[in-house]
Every structure is written in C-alpha cells, then in structure tokens.
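This report refers to the structure that appears directly beneath it.
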Amino acid sequence: MLLKLIKFAAVCVAFIAGVSHAAAHGERAQEPYLRTRTVQFYDVHFSKTEVKVNERFELTGKFRLMQDWPDAVTPPDIVFVSSISPGPTIARIETYLNGWPARQSFARLELGRDYEFRMVLEGRTPGSSHIHPSISIKGSGPLVGPGQWVNISGEAHSFAFPIKTMTGLQIEDLQTFGLAHAVGWHLAWLAVAAAWLSFWLARPLILPRWLVLQKGREDLLISLRDTGAGIIVSAIVLVMVFGGYVRASAEYPYNVPLQSGLNRVAPLPASPAYAEIKVISATYDVPGRSMRLATQITNKGSEPLSIGELTTANIRFLNQSLPVAMANVDPSYPRDLIARTGLKLSSDTPINPGETREVRVEATDAVWELERLVSFLTDVDSKFGGLLLLYAPNGERVIAEMGGPIVPVFTELK
Amino acid sequence: MEADQCKLKVDSYFMHFTGYQPQSSRAEFCEDIPEVGRTIIVLDFVDQSLRDIPVSVNLARDDGARTGDTMNTPSSILYIPPKKYPNGTIKIDVNFEQAGRYIGMVAIENGERNVAKFPFDVGRGWSLIRLLAWCLVLVSAAIGTFLWALRRNAIAQNLPAASEK
Amino acid sequence: MTSTADIDAAASPRENTRFKDKKGETVISVSGLTPGAARYSRLFDVLVVAAVVTIFGGAIHLHVMLTVGDWDMYVDWKDRQYWPLVMPVSMIMFPAALQAIFWVNFRLPIGATVGATALLIATWIGRYANWWIWTGFPFTEGVPSQALAGALLMDMTLIVLRNSLFTSIIGGFAFGFVFWPSNYSALAPFYLPVEHQGMVASLADMIGYTFPRSNMPEYLRIIERGTLRTFGSSVSWVSAAFAGFICIFMHQLWWRLGLFASQATFLKNSDVVKSFMGIKSSVAS
Amino acid sequence: MSGDALPRMANVTVIKTFDIHCGLFAFTMVALTILYISARLYQQAFGFSMGLDANSPEFDRYWMTLFRIELPVLYGAGVLCWSYLFLTRDRSIETVTPETELRRYFYLTMWLVVYSFCIFWTGSFFADGDGVWHQTTLRDTPLTPSHIILFYATIPIYLFFGVGSFVYAMTRIPAFCRGVSLMHAIAVVGPFLILPNLGFNEWGHAYWLTEEIFSHPLHWGFVVLGWCALALAGVLMQIVERFRELIPLVFKQDAAGSPTDANPFRDAWEKCGPEAQRQRYKPTSVSGRRPISGKSK
C-alpha cells in the first residue's frame, strides 16, 4: 500500500515536472577511450520497443573489438555478454554469443574480430526502461552499446518466472521459490536469540551488575541456574543446526554446486580486407564541434566502394547521398545517436578497385560534446577510433577500422 | 561538459554554454569570461528537438535599464537573426572590447517567442576577489569570536576570585 | 574515594541467593542502589540498550557489507569454497568484541547474540527497503546468511566455561564451523539443478542470471572454480573446518580489541580549554 | 528479603527524585526518523526517474540542487549547534552540584543514543542502499542519488551529534573537561574520518576499478573507521564509574521501598511536562554546591 502511494507520488511529480528523458545510466561518464577504441557495436536491433509484462523481445547485434586497444583497458580475456537496464526491469531468458550459450563468461576474445550476440529478454517492471547491450570485460567493467527505450506495460505483480528443475519439480515463480523456507529458518533463529536475550535483559543491567561485580559478588550475577539454561540452549542450537542440515540433505538430495567456468567461442569469419584506411591527419575543432580527418583509402577488392558511414561510440555519421547506407539504419536505432547533418566527404564518387585516394571526412555535430567524447585536452592518450563502413554497388558491406592520434584545434580567428 | 553547471533553459529546452579564449588559454569557461578580447561562445543543444526550431542570439552590454529585448538594439554588440541549427551547435565569435557586465539572450520561435537571458561578466576576475573577501570575513569572525570568548572567560575566572575575598 | 563509602557499606554478607533472585532484588540491594536510584539505573539500561542495538546494527552491517558483502548479498555467490569461509571470519569480529565488553564488565553472556541479532535485523531491513522496494530485486536474489547459531553457541561456551581462551578455542571454532550447516538448512532449495540452454545450472545461478545486475557480470563472482576429490568430496565441510580454525584466532584478537575499547582512559586536557570552563590552570600562580 | 539486605534503610519513607528532561531527546529521535524516511522517499521518487545520468538537466535540478542545499545547511547547523554548546558552557564547571552533574551524564547518554541511531541509518540502511544502487547503473560520477544522501546528508548528520556529544561533555561535565576521554574521541573522530577517506575511495575508482565488488579492499578504509564504534564502550565505563560516585551523593537521604515499584519510563516521561521544566536547574540547596572530588585528584 505504502509502495503504491510512493509510486503514485513519483509518477505525479514526474508528470508535473514534464521532464524529458535523456540518455540514461551514466554511460556518458565513461571516458572517450573506453567508448571509441574498444568495442564498436553495429547492426543493433531491438525486436520490439513496446512489450507487456512477461512478453519476450530480442536484442541482437554485432560488435568489433578494435585493434588499437587502449593501455588502460584490460584486454578481453574474460568477457561477459550482458544487458544494462535500470535495475531488474527486464528478465533475462537466454543469451548467446556467436550461437554459444552465454550464461557464463567467455575466455579470450580476439582483437580485430567480430562477434554476434543475441539476447532474449522479457518485460518485468512496468514503465519505460532504457536498455543497452553491453560487453563486460574483467578488470575494465561494462562497455555499452546503443541504448533504446523499451516501454513495458501491464501490472508489476503479474510477473512470474516459472521454471522446471531437473528433479521434476515445477516452480511457480523464481522470485519467491524457497523464500518462505529461508525466512522461516531466520525467524526460528531470531526466536531462540530473543529468548536468550530477554532472559538476561529482564534483569537489572548495566550499573547494578557492574557495581556488584566490583564488590566481587560474581555469584549473584551468574547462577547455576543460568549455566544450566546455557547448556539447554546450546543443546537446542546443536539440534537445530545438525538436525536441520540432515533434514535439508534428505529433502534435497540432488543439489548441485554453483556452476562456473569459462566458455570459448570462435569469432565470426574475418571479412576480406577490401579497404585499407590510413589516417594522415586528424583534428578536432573544439568550438566548432567538428572532427576532420584526412584519410588515404585504398580499394583492394574487385568492386568499387563508396563511403557510407562513420560510427564510433554508437554515434553514427551517415553519408546521406548514399541510399544503401541510409537503408542500413534500423528503425529501432535511437535517433539521438544519429548525427542530423551526417558525414561530409571531399569526394563522393566510388573508389575504384586498385585505386588509392585521399578523402577528407568531416563529422560535425553537438553530439561530440553532449556525449562527452572529445575530452582530448585532458586525456593522457589523445587518440580516436571508429569504424568506416563502405559499400559496393551490389550492396556488399566492408567494415574497416580507422583511428590514430588526434589534435584538438581552435578555429582560426579572423 | 565536465563539471556541468553551465546550462541554459529556454522554454522547456536545455542548452549548454561554453566560452573559449583561444588566444590566451585552452580553458573552457562557464558564464564569466576572464579577459577582454576575442572570445568564442558555443551553445550546444541538449534537446534534439531544438534543432528544428529557429533560434536567435543577442549579446549586449548590460546597461541596467533594459528589460531584455532580443532585437538588435544600440547596446548590442552582436546579433544573430533567427535561424535553424541542424548540427545542434551555435558558435559565436565575438570581440569584447570593454570589461563589464554583459547579458546574453537566446530566443526560440516555436509558435510563440521564448527568451532565456544569461548575464555574465567579462574581464573582471571577479570571483577570486569575492572568494578572498569571504575568506577575510570568515577569518575575522573566527578571531573575533575567539577573542570575545577569551575575554568572557577571563571575567568568569575573576568573579569567584573576587567573591572569595 | 570517600564518596563511594556509602555504596560500599551496603554490601551485604555473602548469602545463598542462587535460584531466588528472579527479579534482581538481590543484585540491586547488593549493588547499593537505593530504590530511587534503581529507577534511574533502569532508565539508563534502556538508553544503553537503545544505543547498543542501533550503533552495532549499523557498524556490524557496514563491516560485513564492506568486507564480505557480496557473498551475503547475492544468492549466486553462496558457494562451497569461499562463502562458508569468509562470512564467519568477518562476522565473528564484532560479536567477539561485544562478548568481551559485556562479559568482563557486566558478566552478561549475550554479546555475540546481540551482535548477530542486530546484524540479521539490519540486513533484512535493508533487503526490504532498498533491494525490494527501491530497485525491485526479488528477495530470493538477496537472501542473506545468518550467524545466530554460531553466536548463540559462542555465548553458551562463555557462560559454561567462563574463560576467554576456552571460548576462543571452542566457541570461536563452533562459530566458524556451524556457519555452513546452519545456513545450508535455510538455503538448500536454491541449489536444485535446472537445465538451461543445454547446460546445468543451480537455481541460484538462474536467479542471478534472470534478474540482471548492471555491475555484476558472471565472472566477477569469487566462487569455487573446481575442487579436488579430497575428504570424500566434502568440500563445504573442509571450508567449514578451516573457517572454524581462523575464527579461533579472530575471536581472541577481537576479544582483546573489545577490552581495549572498554578502558576508561582520560588524557590530559589543554589548560586553555579547561580555563574556558572555569578550571584554573594548575601551573598558574 | 530486601529488608534483610538493607537494614539501614528500612525506616526511610521518601524516595528521592530528580528531573530528567527528555522532551528534546524524544523530539530529536522523531525528527531524525522523519528526516531519514523522507530522504529515502525522495530517493524512491527521483532515484530512477531523475537520477540515472549525472549529466542530464533533470539530475541537476533534482539531485544537484539537493546536494547544494544539504551541504551548507547540515554543516552550518552543526557549526551553529557546536558554537551554541560552547557559548552556553558551564563557566564554573567544578562547582556543579552532584544532582546537576548526574543529570548531565544522562543527557550525555542521550546524545550518544542519538549518535548511535544516526550511525545505524548511515552504516546500515543507506550504505546498503548504495550497494544495491550500484547494481542498477554503470558507475557514473561520485555524485549519485545514493551518494548524495549517504555521503553528503547522513554523514554530516551523525557528525552533528557525534561532535555535539563531545562538545557537550567537555563543556558540561567536569571529568570530561579535566581530561579528554580517549574512547569518546576515537568514537567521534573515527567515523568522522570516513569523509576524508572518500578521497581514497574515489581515487581508487578513478584508476583501478570500474566494476563493483562491494567487498573490494578499496572499501576497507570505511570498515576500519566503523570499528571505532566499539570505543563507545569506554565512554560507557567512564559514565558508570562516575555514577558510582555520584549516586550516593544524590540519593543519600533516600528511602527504602520495594524496588519492584520502580517505573522509570512513566517517571521520566512525567518529567517532560512544563512544570518539570520550570523546576529544572533549581539548585537543591546552597550547601549542595561543593566541589566534587574526581578521579584525577
């Protein structure tokens, strides 16, 4: 009842304040090197953004582990595939990495390679939840993918998570199973403790006992009767401890220990290195909120390639004159992570097979600043990283890593 | 954006204010600008929807009398007429020739006209003086209290001595 | 010490009051407290109990959370190797010190029970108000462990043997040793096996997996990663015995810390400070 | 039976009483409970809705505003209270009557009860909330909805009462003025050092660890400081030792009577009334004003 009142009050206040939700979870507090040079997510897709309580949805996508991995981040030797949500507002049903079950962690993912994840999730707490895929790396913590708002409708109390054990027991709800048993034991122990404490607290306590003890009359404070009571209580305790243990062992004979251990999974097949990108110079115009790159692109494949997209830290700069690049944008992708004016290129014609061309690339948007991705002035390691997506006329996509040192500059004053 | 106190609110939209004086330092300023001279002020739109709304900017000397007109007036030193900014960022290049108090006004035209004002100081180094003044007040208050307590204490100690005689 | 003469004079000759002093009249009369004084003494008792329960509820819970909290907070950390070892070693510290304070000064054999009770109640308050009402984690994910069985045994050892060394050796060992069986009785259902994505998992693993924690990737758990077939595979009993062994030393160490904390030492105060309250400097003329 | 034990007192009929004013104590406990519960309700209302991203405008409005208000208000209140206690100090502390001194020992105990109560809310309730909050978000800045309450509201509150109890004892109680109680100092300074220890904590989080193991050695600084709570036992011993000397002086003309009639609760509560307050601090007799021989002699 109280809980309902609190929730009601919270909803009212939120409504009156008319607050628009910005991106959540504090991922913007993560340093640029953690977000632009480690895990690059792409093709992230939410199968639904409106679900009911107990309704399933899927979160799929791929990621590339960048080769220019920063010193400050532990290499991906132990990795867990996860999702980030504001508390357990969703339930995890199944997760996969390259088709392998991902309930446990993975050992030694390879840098420079791609992986594909799939998560089956279920709505649990009604409301609007900001959900990200995330790759946790031991020693460095969670590196997050693009977040999307998922609206969960329905009643909180109607959520249940039934599961069947290997012993054949059908459990109604994982949230409550075994709880009454555990709480019952705790109450039993508290009852014994309360009896013992009240046996002593009912007597004169601090000052009288201390005074009596000062006079050497310990015999008044601890009587034979008290010692006897102590022996009886210890017998009760021992019976409860070992009797309880024997009973629990008899009741649950097929228990298993907690399961741990790392799995190993092969990366996706490497895509042929059709495009080679060399960054000649890179600058970030601080007041202009603009990243300018001079690149040398070599097409080593057999098809002409057009630059379609620059993506880093889940922010996407698209070449808006290339339809195939625009078609690659999933409708469920968060709009505030797609730069409005897109990518500006010095030459927009396809790069022919065998050709090496210098292309100047300009990505301008306030999002650099708002996502806090450009604190190059305060970083010890002023580098950037990202993926360049190129497309052949037949729609084939080539994903190339790019990155290198970057220099912050100020617009020349006239 | 590091220590984010520099937010402006226009209607229900938020913008973020940053000042740069690249000729003298690489620092970012929030509101108050330490020196006169060439300055770049950047306003970043926090809310995506601001990018579809025409925004005008007016920087003027704060002469005390004006009530906040966003039109180009004689006291204006810079005026940018309403315009959309799809990149979500406004870069203002301005030269402050005199030290003093200025007022910035940002107006958005989403059906009706909404104005946000942000007063700021240029070339005053004002905050350091204010800090020192506060320190001085606190220290003198502490010393005063201590002396006063000492004196009271001395009186109290003398009293029983006097009554004993 | 003339002022204590009255109270000392009230000490009566030894008499056999065992089995009779149900309401504590003898203790009061021997202590020399007049009936009026006894009433204020009882008020003082109430204040002290209030202080003890709240401050140790806070301090022990903080201590346990920050030393071994993860094993206590999550059901999928409660393994056979580390949980039965680290929990009692951390949980015995404050109860041992409280035993020393209450026993040596007041001959009350309740210190350990007070500590373990305050801890369990404080923990459940947190689980309810924060874990469930605020963030919505199901109770099964955060079901805590309890140290009451061990604490009671430790107090019983003390009242029977009346000696800190034997309490360390027997009571301290019992505290560490019974942690595993007494908690396993309560948590056994969470180790039922299930099949998930073609792999075996315990229900505890499933609970931790199903209700996601943002900062608790699976690998972060410090749990058993594999065991040799020692002692007939009774991994948890080996851990329990080892915990008992460490608890012996922990108990003695913290008993001494409790004694150190209950000394009524006054250090010399500054003459300047004293002069503010009208105490004349002893050095002055 | 008690007659046999106390033959000297058999014929005395008047029971000595003295006033303990517990209204302020009760008010403080109620006010603190309300304050803590309100803080928790505020977290409930705005933790998830406004507190997930320290860079968002709504965070600034709902959480930074609270942060900017609570710090000066709580520390300011502390400084005011400690100054008040100092300025209203007993300027001739050695001539206090035994009855007044005994009463002040009870007030010191009440200060310590309130201090303990604050430690419970800080060390258990809100610290636990911090633990679970870390499981709902990525690590953000040091200012989160749980840290803003835990570190910058509940810690100043217990400092208010911890330091307050120390100043109270030193300015009112002869023994605590003549000498500095070692354990009282430890019990107050230890938890106080939790605040500077935050520096170590955040330094560690800035360089070592972005994941949250709650029992990480990085957090153990807080633990050691929490152990200082044990030192209150020493203060308790100091109080009972002085009680032993004071009680015979205060209750010397006291009566016999069945101790089982004693009802300290009713008694104490009755003494909170306005009549009782008017009577407070009224010296019993001039002859009662004599210096107390303390242990330091």
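Order of the sequence lines fixes the chain letters, A, B, ..., with proteins taken first and strands second; residue numbering starts at 1 for each chain.
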Checking heavy atoms, do the side chain of [X], its backbone, both or neither come under 4.5 Å from chain C?
| X | value |
| --- | --- |
| D/Leu102 | neither |
| D/Ala185 | neither |
| D/Arg172 | neither |
| D/Val240 | side chain |
| D/Leu230 | both |
| D/Trp121 | neither |
| D/Tyr105 | neither |

Looking only at heavy atoms, which two atoms of [X] and [Y] are closest? And how far apart?
| X | Y | answer |
| --- | --- | --- |
| D/Met237 | C/Ser262 | CG-O, 3.1 Å |
| C/His61 | D/Ser124 | ND1-OG, 2.7 Å |
| C/Phe94 | D/Gly226 | CZ-O, 4.0 Å |
| D/Arg89 | C/Met277 | CD-SD, 3.4 Å |
| D/Phe120 | C/Ala122 | CE1-CB, 3.9 Å |
| C/Ala264 | D/Gln238 | CB-CG, 3.3 Å |

Selection from [options] maximising heavy-atom pairs under 4.5 Å formed with chain C:
| options | result |
| --- | --- |
| D/Ala231, D/Ala233, D/Gly47, D/Cys118 | D/Ala233 |
| D/Cys177, D/Ser146, D/Ser181 | D/Cys177 |
| D/Gly131, D/Ala127, D/Gly179 | D/Gly179 |
| D/Val235, D/Val223, D/Ile119, D/Leu236 | D/Val223 |

Heavy atoms from other residues, nucleotides or ligands near CZ of C/Arg225 exceed 12 (cutoff 6.0 Å):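 Yes, because the 6.0 Å sphere around CZ of C/Arg225 holds more than 12 heavy atoms from other groups.
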
OH (C/Tyr82) with more than 12 external heavy atoms under 6.0 Å: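 Count not over threshold, so no.
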
Nearest 0.5 Å, please: how far is [atom2] in [Y] from [atom1] in [X]?
| X | Y | atom1 | atom2 | value |
| --- | --- | --- | --- | --- |
| D/His219 | C/Leu66 | NE2 | CG | 7.0 Å |
| D/Leu232 | C/Phe56 | CG | CZ | 6.5 Å |
| D/Arg178 | C/Leu267 | CZ | CG | 15.0 Å |
| D/Ile93 | C/Phe276 | CD1 | CZ | 13.5 Å |
| C/Leu220 | D/Ile213 | CG | CD1 | 4.0 Å |
| D/Gln43 | C/Trp134 | CD | CH2 | 4.0 Å |

Which portion of [X] sits near chain D, non-hydrogen atoms under 4.5 angstrom:
| X | result |
| --- | --- |
| C/Arg127 | both |
| C/Tyr74 | side chain |
| C/Phe260 | both |

Stepwise side-chain contact (heavy atoms from CB on, under 4.5 Å) test for D/Ser215 and C/Trp71: CA-CA 9 Å; D/Ser215 48; C/Trp71 283 276; 3.9 Å; yes

Sub-4.5 Å side-chain heavy-atom contact between D/Trp133 and C/Asn130: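 Of all side-chain heavy-atom pairs linking C/Asn130 with D/Trp133, none is under 4.5 Å.
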
Close side-chain approach of C/Tyr40 to D/Ile20, heavy-atom, < 4.5 Å: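 A side-chain contact under 4.5 Å exists here.
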
Between D/Asp128 and C/Trp131: side-chain donor-acceptor atoms closer than 3.5 Å: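 On atom types as modelled, these side chains qualify, holding a pair under 3.5 Å.
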
Which one, [options], leads in non-hydrogen pairs under 4.5 Å with chain D?
| options | answer |
| --- | --- |
| C/Val273, C/Thr265, C/Asn105 | C/Thr265 |
| C/Phe44, C/Phe137, C/Phe106 | C/Phe44 |
| C/Thr123, C/Ile222, C/Val68, C/Leu119 | C/Val68 |

Ring geometry between D/Trp227 and C/His63 (parallel below 30°, tilted from 30 to 60°, perpendicular above 60°):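 The arrangement is tilted - the two ring planes meet at 30° to 60°.
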
side-chain contact (heavy atoms from CB on, under 4.5 Å) between C/Thr135 and D/Phe48, worked out: CA-CA 9 Å; C/Thr135 51; D/Phe48 280 110; 3.9 Å; yes

Show me the side-chain donor-acceptor pairs of residues 45-55 of chain C shorter than 3.5 Å, one per line, residues at least two apart or across chains.
{"unit_1": "C/Asp45", "atom_1": "OD1", "unit_2": "A/Ile206", "atom_2": "N", "d": "3.0"}
{"unit_1": "C/Asp45", "atom_1": "OD2", "unit_2": "A/Leu205", "atom_2": "N", "d": "3.0"}
{"unit_1": "C/Asp45", "atom_1": "OD2", "unit_2": "C/Arg42", "atom_2": "NH1", "d": "3.0"}
{"unit_1": "C/Thr54", "atom_1": "OG1", "unit_2": "C/Ala50", "atom_2": "O", "d": "2.8"}
{"unit_1": "C/Thr54", "atom_1": "OG1", "unit_2": "C/Ala51", "atom_2": "O", "d": "3.2"}

